[in-house]
Asker: 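I am attaching a structure below and will ask some questions about it afterwards.
Note that the coordinates shown come from a computational prediction; the quantities given were computed from them, not determined experimentally. Residue indices begin at 1 and follow the sequence shown.
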Amino acid sequence: MKGWGSGIPAQAHPALAAAASAALDAYTAATTEHDRASLAAVVADGADGTPTMRIDVLVENAILAALSRHPVNVLSEETGWVDTGSALTLVMDPVDGSANAAAGVPLSAFSAAVAEDGVFTEALTVWLETGRSWWARRGTPSPLRTSGRRELAGAAVSLLRPHPANPGAASAWWEVARRAARVRILSTSCLEGALVSQGATDAFADAATDTHRLVDIAASVVLAEVGGGAVRDVFGRDIGLDTDLTKRWSGVVAATPDLADELASVLRDAYEAGRAG
């Protein structure tokens, strides 16, 4: 099966559905009412200390307003931690691929995961320009199926951009590019993780740059694993609920645990060799 749907799935958690619906509406309004320069304008600093574009604020504010009617905690890219005292937490990236969205490149996504008592149990990623969606809940039958690839040799891999000023990361990036059959750079981690979960590509990774925040990879922890895949950190750190958005990971999302482990190992070894050399 294709593994993806259209719009917001009826069986999604009400808070998750409300957030995604608000994101779609706000994204459509923002891109209709503002030009590219206005959408890309930096208007604040996010909770993680990185610049916040206007498009991020417009979409996140709409989501938070919609979530005010739902008793869940929220961990979001710009606002950070909103504690309502609930056992449920929504970890979300309102607009993943903000630079793409602001520039008119149709590769951006809303993405969120539900954590119950700290454990990720459900996730939804929605491609904002098309409405295509990927949803999964642990313990619920899912059409998601990864490609099943177990080896890096011959794999199709999406990577974050190379960092030539960082010798270790540059070495890691090029080592994967040398071994893989195909490399893509889409600049939207959540969407790339969703594509792994449906088998459209074999793996996605941050090449040892510690760029990923939890909001970038939380949904993939559910989507990829339900589809038969695995999520790892290049340096072996656990990926779990943490309200500190200054923490970073080098995430690896892969079609199988074997491929995830190999990719993390190749990236780590090449990173360390590049730093030493």
Side-chain angles (χ1 to χ4, degrees), residues 48-51 77 93 96-100 103 105 107 109 111 146-197 199-221 224-225 229-240 242 244-277:
D48 64 348
T50 60
E77 181 177 8
D93 193 339
D96 178 62
S98 302
N100 284 345
V105 177
L107 291 169
S111 189
T146 70
S147 68
R149 178 171 287 277
R150 298 180 180 276
E151 297 181 350
L152 177 55
V157 181
S158 288
L159 292 167
L160 293 185
R161 67 188 184 278
H163 286 253
N166 181 334
S171 294
W173 198 97
W174 286 109
E175 183 61 21
V176 171
R178 183 181 70 81
R179 298 191 189 198
R182 185 181 301 275
V183 171
R184 298 183 178 94
I185 304 175
L186 304 183
S187 300
T188 168
S189 298
C190 298
L191 190 56
E192 289 167 294
L195 292 173
V196 174
S197 74
T201 193
D202 299 313
F204 163 68
D206 168 16
T209 68
D210 280 359
T211 294
H212 284 143
R213 300 148 300 185
L214 186 60
V215 297
D216 297 314
I217 52 177
S220 289
V221 171
E225 291 181 3
V231 178
R232 300 285 190 266
D233 171 70
V234 170
F235 300 105
R237 295 163 294 198
D238 290 336
I239 301 172
D242 193 310
D244 182 0
L245 278 180
T246 65
K247 289 191 175 181
R248 293 290 188 272
W249 289 264
S250 292
V252 173
V253 184
T256 58
D258 287 346
L259 178 57
D261 291 339
E262 181 187 0
L263 187 50
S265 177
V266 168
L267 286 166
R268 183 173 57 253
D269 289 349
Y271 171 81
E272 292 172 353
R275 290 183 67 197

Asker: Does R178 pair with E175 as a salt bridge, N-O distance under 4.0 Å?
Answerer: yes

Asker: Using modelled atom types and a 3.5 Å cut-off, is there a donor and acceptor pairing between side-chain atoms of D202 and backbone atoms of A156?
Answerer: yes

Asker: Not counting sequence neighbours, which residues clear side chain to side chain contact (heavy atoms under 4.5 Å, CB included) with A273? List them please.
Answerer: none

Asker: Between R248 and T211, which heavy-atom pair has the shortest distance, and what is it?
Answerer: CD-O, 3.6 Å

Asker: Determine whether V157 and T201 make a side-chain contact, defined as any pair of heavy atoms from C-beta on separated by less than 4.5 Å.
Answerer: no

Asker: Which atom pair, heavy atoms only, marks the closest approach of P257 to R232?
Answerer: CB-NH2, 3.8 Å

Asker: Counting neighbours of CZ on R150 that are heavy atoms of other residues, nucleotides or ligands and sit closer than 6.0 Å, is the number greater than 12?
Answerer: no

Asker: Tell me every residue that passes side chain to side chain contact (heavy atoms under 4.5 Å, CB included) with L191, counting only those two or more places apart in sequence or in another chain.
Answerer: L107, A109, W127, W134, T188

Asker: Work out which heavy atom in A207 is nearest to a heavy atom in A172; give both atom names and the distance.
Answerer: O-CB, 4.0 Å

Asker: Measure the OG-CG distance between S171 and D269 for me, rounded to the nearest 0.5 Å.
Answerer: 12.0 Å

Asker: Name the orientation class of the two ring planes belonging to F204 and H212 (parallel below 30°, tilted from 30 to 60°, perpendicular beyond 60°).
Answerer: tilted

Asker: Looking at OG of S187 and CD of E192, how far apart are the two atoms once the value is rounded to the nearest 0.5 Å?
Answerer: 7.0 Å

Asker: Roughly how far apart are L159 CG and L186 CG, rounded to 0.5 Å?
Answerer: 10.0 Å

Asker: Can you check side-chain contact (heavy atoms from CB on, under 4.5 Å) on L214 and I239, steps first, answer last?
Answerer: CA-CA 8 Å; L214 186 60; I239 301 172; 4.1 Å; yes

Asker: Are the side chain of S111 and the backbone N or O of D93 linked by a donor-acceptor pair below 3.5 Å?
Answerer: no

Asker: Donor-acceptor check, side chain of T256 to backbone of R149, threshold 3.5 angstrom: yes or no?
Answerer: yes

Asker: Nearest 0.5 Å, what's the OG-CG distance between S158 and L195?
Answerer: 7.0 Å

Asker: So, the side chain of S265 versus the backbone of E262: is there a donor-acceptor pair under 3.5 Å, distance only?
Answerer: no

Asker: What's the separation between atom CG in D206 and atom CH2 in W249, rounded to the nearest 0.5 Å?
Answerer: 12.5 Å

Asker: Could you work out, with side-chain hydrogen bond (donor to acceptor under 3.5 Å, both in side chains) as the rule, every residue matching R213, not counting sequence neighbours?
Answerer: D48, E77, D216

Asker: Quick one: do D210 and R237 make a salt bridge, cutoff under 4.0 Å?
Answerer: yes

Asker: Of all heavy-atom pairs between L263 and A203, which one has the smallest distance, and what is that distance?
Answerer: CD2-CB, 3.7 Å

Asker: Could you walk me through whether W173 and L160 pass the side-chain contact (heavy atoms from CB on, under 4.5 Å) check?
Answerer: CA-CA 9 Å; W173 198 97; L160 293 185; 5.9 Å; no

Asker: Could you pull out the closest heavy-atom pair between A169 and H163, with the gap in Å?
Answerer: CB-CB, 4.4 Å

Asker: Closest approach of S220 and V231, non-hydrogen atoms and distance?
Answerer: O-CG2, 3.4 Å

